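Report on the following structure.
The structure displayed is predicted, hence computed values, not measured ones. Labels below follow one simple rule: chain letters A, B, ... track the order of the sequence lines, proteins then strands, and each chain is numbered from 1.
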There are 2 protein chains.
Amino acid sequence: MPKKRILPYVLLGLINNKGSLSGYQISQEFKHEVGDFWHASHSQIYPELARMKDDGWVEDNNDGKSTYYKITDEGSKVMRTWLEEPLEDNEELFSLKLYFIKDKSDPLLKSLINQELDINKKKYDYLKKRLAEVFEDDNKIQDNYGHYLILTRAIEREKNHILWLEKNS
Amino acid sequence: MPKKRILPYVLLGLINNKGSLSGYQISQEFKHEVGDFWHASHSQIYPELARMKDDGWVEDNNDGKSTYYKITDEGSKVMRTWLEEPLEDNEELFSLKLYFIKDKSDPLLKSLINQELDINKKKYDYLKKRLAEVFEDDNKIQDNYGHYLILTRAIEREKNHILWLEKNS
DNA sequence: ATTTCCATGTAATATGTTACATGATTAT
DNA sequence: ATAATCATGTAACATATTACATGGAAAT
């Protein structure tokens with residue numbers, strides 16, 4: 001299976017959120033709004049918008065100065081399908097998808113949180129198992145202290161994430 | 001400035017940690033040990049090892065079955081220099097560097113933690129500022145609930161990370 | 001006037017994944 | 001015997017960054 005593309009959905013989501021955006025405006029969005037959770041450079045954005053237009057996901061409209069893109073019905077379907085795809089172990093994707101959910105009562109919100117909860121509980125268990133395996137005794141901790149630190153850190157990170165997810169589920 | 005390469009230092013660090021490794025063994029390491037913090041495929045590993053040998057960072061030794069690499073004095077210097085480079089805002093790099101610090105009393109350990117602390121305090125402040133800016137009133141929260149959620153999540157994440165860093169500094 | 005920002009595009013380069021290939025050894 | 005694992009390598013493809021390039025508009 002080829003690796004999942006994310007960029008087109010990000011662009012689609014941004015265009016959908018704002019109603020209509022130009023390539024330049026999208027590149028500005030990455031410097032501000034979404035910038036904390038995702039990034040793309042203009043040399044990616046412009047060709048991708050052209051492809052999306054070819055695929056009928058967006059329509060363009062030039063006012064003489066800029067070319068603005070808005071989502072088509074086809075594009076809305078594609079976006080929704082992507083949002084509803086099962087989550088993988090990728091916290092960035094989780095954040096990104098949440099970013100595109102505007103309405104608090106959208107059932108997708110609970111669904112995403114529950115999926116992420118599932119994924120992270122498994123990861124938490126896995127990491128705790130790893131810690132027990134790799135550092136059965138204190139000697140091993142002293143011999144690979146850095147590894148010990150980041151493993152314990154990763155476990156705590158998962159624990160906090162799970163707590164937050166449960167609080168918001 | 002060209003983007004910093006990380007792969008060669010990962011390979012160098014692994015070879016250094018284990019004393020001697022073959023390309024195949026390194027690819028196995030990524031499936032187990034370091035796998036939680038970094039990954040590389042064999043099609044990256046083999047050419048990179050060849051380049052590192054060209055650069056005099058490693059020496060190779062073939063036992064007829066596998067080619068084993070061990071670090072040279074030059075390689076050790078390169079590795080140390082990399083570890084001592086100022087950290088950037090990249091939690092993965094922080095984890096990776098920690099992974100290569102075996103000794104609890106290595107001064108680099110405190111240094112890395114303090115650098116990461118600095119970076120993350122700034123990020124924490126930045127995110128809190130963003131939250132205040134973007135969601136000044138409750139209406140805005142209702143209008144972009146997903147964004148609100150991930151921003152508050154990101155803030156809590158930083159807070160926990162800072163607490164952990166302070167505990168271990 | 002000249003710098004900065006708006007606006008778009010392509011080319012060169014770097015990086016990373018998947019696929020294609022091959023041959024030896026070990027386990028079932 | 002045959003499937004799985006060991007072991008290494010290259011080719012094709014996808015993705016992403018930096019650099020190169022251009023022209024108009026707005027600001028200093």
Do the side chain of [X] and the main chain of [Y] share a donor and acceptor less than 3.5 angstrom apart?
| X | Y | value |
| --- | --- | --- |
| B/Glu133 | B/Arg130 | no |
| B/Ser169 | B/Ile113 | no |
| B/Ser111 | B/Pro107 | no |
| A/Lys102 | A/Asn17 | yes |

[X] [atom1] to [N] [atom2], straight-line distance once rounded to whole Å:
| X | N | atom1 | atom2 | value |
| --- | --- | --- | --- | --- |
| A/Leu11 | D/dA16 | CG | P | 11 Å |
| B/His39 | C/dT15 | NE2 | P | 18 Å |
| B/Trp38 | C/dT17 | CH2 | P | 10 Å |
| A/Gln28 | C/dC6 | CD | C1' | 8 Å |
| A/Lys31 | C/dT4 | NZ | C1' | 12 Å |

Is any NZ, NE, NH1 or NH2 atom of the basic residue among B/Arg80 and B/Asp106 found under 4.0 Å from an Asp or Glu carboxylate oxygen of the other?
->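 Judged by the 4.0 Å cut-off on N to carboxylate O distance, B/Arg80 and B/Asp106 do form a salt bridge.
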
Between A/Arg51 and A/Glu48, is the closest basic N to carboxylate O distance under 4.0 Å?
->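 A salt bridge is present here (some side-chain N lies under 4.0 Å from a carboxylate O).
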
Report the residue (A/Ala40 or B/Lys65) whose heavy-atom-nearest nucleotide on DNA chain D is the more 5′ of the two.
->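 The answer here is B/Lys65.
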
On DNA chain D, more 5' by nearest nucleotide between B/Pro47 and A/Leu7 is B/Pro47

Classify the side-chain pair B/Glu91/B/Ser95 by whether it contains a donor and acceptor separated by less than 3.5 Å.
-> no

Indicate whether OP1 or OP2 belonging to D/dT15 is found under 4.0 Å from a side-chain N or O atom of A/Gln44.
->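 No.
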
List the atom of B/Leu49, the atom of B/Val58, and the distance in Å for their closest heavy-atom pair.
-> O-CG2, 4.2 Å

Below 4.0 angstrom, which residues in [range] have at least one non-hydrogen atom near DNA chain D?
| range | value |
| --- | --- |
| residues 83-93 of chain B | none |
| residues 16-24 of chain B | B/Ser22, B/Gly23, B/Tyr24 |
| residues 48-62 of chain B | none |

Mind checking B/Ser43 for me? I need base, sugar-phosphate or nothing, with any heavy atom below 4.0 Å counting as a touch.
->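 Base contact - B/Ser43 has a heavy atom under 4.0 Å of at least one base atom.
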
Please work out if A/Ser41 contacts a base, only the sugar-phosphate, or nothing of the nucleic acid, heavy-atom cut-off 4.0 Å.
->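 If one applies the 4.0 Å heavy-atom cut-off, A/Ser41 turns out to touch a base.
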
Testing B/Ile119, B/Asp118, B/Asp125 for side chain to side chain contact (heavy atoms under 4.5 Å, CB included) with B/Lys122, which one passes?
-> B/Asp118

CA sep, side-chain torsions, deciding dist, call: A/Phe100, B/His147, ring-ring contact (aromatic ring centres under 6.0 Å, His included) | CA-CA 7 Å; A/Phe100 294 130; B/His147 188 186; over 10 Å; no

Is the Lys NZ or Arg CZ of B/Lys97 less than 6.0 Å from the centre of B/Trp82's six-membered ring, within 45° of the axis?
->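 So B/Lys97 does make the cation-pi contact.
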
Side chain of B/Arg5 (C-beta onward), nearest among D/dG9, C/dT15, C/dC6 |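 Between D/dG9, C/dT15, C/dC6, the one nearest the side chain of B/Arg5 would be C/dT15.
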
